[in-house]
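Only a predicted model underlies this, so the values are computations on that prediction, with no experimental measurement involved. Every chain is numbered from 1, with letters handed out A, B, ... down the list of sequences.
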Amino acid sequence: MKIATWNVNSVKARLETVTAWLKDFGPDVVCLQEIKCTDDTFPRAAFEDLGYNCAVHGQKTYNGVAILSTRPLEDVTPRLPGGDGDEHARYLEAVVTGDKGVIRVVSIYAPNGNPIGTEKFEYKLKWLERLRDRAAELLTFEEPAALMGDFNVIPESDDCHDPAAWMNDALFQPESRAALRRVENLGWQDAFRACNVQPNKYTFWDYQAGAWQKDHGIRIDLVLLSPQALDRLKTCAIEKRVRGWDKPSDHVPVWCEIEV
DNA sequence: ATGCCGACAGGATGTCGA
């Protein structure tokens, strides 16, 4: 089964690009982030016409996550537990059944956290702590599972073009990186790093300053696999070519082949 | 050192992203 994640930076502004990629690539499951629309304005019909079921946890203007799947979506659960009063739509779980088994997929849009030294950065760290708590719970299910999305953390220095340029950015703070590691250290494996050792492989290039043309990117869109999913992992790759298409998102899809 | 670009809401330009 091909499962993918993609921060689309507005699903309405990106509809032609997203449907073109779905037709071209044919993923079975796609986690979307930054859909930037409410549940009732999500362009459901465009995806259903391509054979996808939709689970949506939307929000007006900001954030918003969704999951598309050719198979039925079961156990659909929005919202990361904890953080009462947190209305940001950043988390959506669903279970998909393949020919060889079941996988739980989670669409994740972690907070950006800039600028550092503000309540936005504190919110980011607290949100990642809540994610760790839920990630620990999910491991007790002992099933194939994938935390997929825009984690808004640059894991290592070789996941960006110029570490010095990110030194004062929330995405590369030691606290942010430690928070991601604490999730991984529970037993969640970075699928891309399980399959690829090459440095400087990116999933995001800023629209500004010719970042794409100069390959000044960062790798912040991740797939974290439970041990049971990792055992079934065949490959993981970045759909870099999509950044060069018309009207691109600033992020590109990341996908895995998993035997379920 | 700052803006660069792009989406959104709303109807000009500020907020947000990363």
*Considering heavy-atom distances to DNA chain B, does A:Q208 or A:N63 have its closest nucleotide positioned more toward the 5' end?*
A:Q208
*Distance, nearest 0.5 Å, that separates CH2 of A:W188 from CG of A:L180*: 13.0 Å
*asked:* Measuring only the P atom in each nucleotide, how far is B:dG14 from B:dC4? A whole number of Å is fine.
replied: 12 Å
*Could you pick out which residue, A:G210 or A:N112, lies toward the 5' side of DNA chain B when each is mapped onto its nearest nucleotide?*
A:G210
*Residues A:Y91 and A:D86: side-chain donor-acceptor under 3.5 angstrom*: no
*Would you classify A:D250 as touching base, sugar-phosphate or nothing, given that sugar-phosphate means primed atoms plus P, OP1 and OP2, and contacts are heavy atoms under 4.0 Å?*
nothing
*Rounded to the nearest angstrom, tell me the gap between atom CG in A:N114 and atom P in B:dT2.*
14 Å
_When the P atoms of B:dA7 and B:dT2 are compared, how many Å lie between them, rounded to an integer?_
26 Å
*Identify whether any heavy atom of A:N7 sits under 4.0 Å from a base atom; if not, whether one sits that close to sugar-phosphate; answer base, sugar-phosphate or nothing.*
sugar-phosphate
*asked:* Categorize A:Y109 for me: base, sugar-phosphate, or nothing, with a 4.0 angstrom heavy-atom threshold over every strand shown.
replied: sugar-phosphate
*To the nearest Å, how far apart are A:Q59 CD and B:dG17 P?*
11 Å
*What is the distance, rounded to the nearest whole Å, between atom CD1 of A:I218 and atom C1' of B:dG17?*
11 Å
*Ignoring backbone atoms, test whether A:N9 places a side-chain nitrogen or oxygen under 4.0 Å from the OP1 or OP2 oxygen of B:dA7.*
no
*Taking the side chain as every heavy atom from C-beta outward, state whether A:F121 and A:Q173 have any pair of such atoms under 4.5 Å apart.*
yes
*Atom CG of A:D206 and atom P of B:dT2: how far apart are they, to the nearest Å?*
16 Å
*Length of the line joining A:Q173:CD and B:dA18:C1', which is rounded to integer Å*: 13 Å
*Euclidean distance, atom CG of residue A:L15 to atom P of B:dA7 [Å, nearest integer]*: 14 Å
*Within 45° of the ring axis of A:F192 and under 6.0 Å from its six-membered ring centre, is that where the NZ or CZ of A:K201 lies?*
no
*Would you kindly give the CH2-to-P distance between A:W212 and B:dA18, to the nearest whole Å?*
18 Å
*A:K247 has a side chain; which of B:dA7, B:dA9, B:dG17 sits nearest to it?*
B:dA7
*Are any non-hydrogen side-chain atoms of A:H251 and A:Q33 less than 4.5 angstrom apart?*
no
*Check every atom of B:dC16, B:dC8, B:dA18 against the side chain of A:T61 and return the nucleotide holding the closest atom.*
B:dC8
*How long is the line joining CD1 of A:I116 and C1' of B:dA18, in whole Å?*
13 Å
*C1' gap between B:dA18 and B:dC5, integer Å*: 12 Å
*Side chain of A:H251 - closest among B:dA7, B:dG17, B:dA18*: B:dA18
*asked:* Between B:dC8 and B:dG3, how many Å separate the two P atoms, rounded to a whole number?
replied: 23 Å
*Can you tell me, in whole Å, how much space there is between the P of B:dG6 and that of B:dA12?*
23 Å
*So, A:E34 versus A:N9: side-chain donor-acceptor pair below 3.5 Å or not?*
no
*Nearest to the side chain of A:R14 - B:dA18, B:dA7, B:dC4?*
B:dA7
*Could you check which of B:dA9, B:dA18, B:dG17 has an atom nearest any side-chain atom of A:K60?*
B:dA9
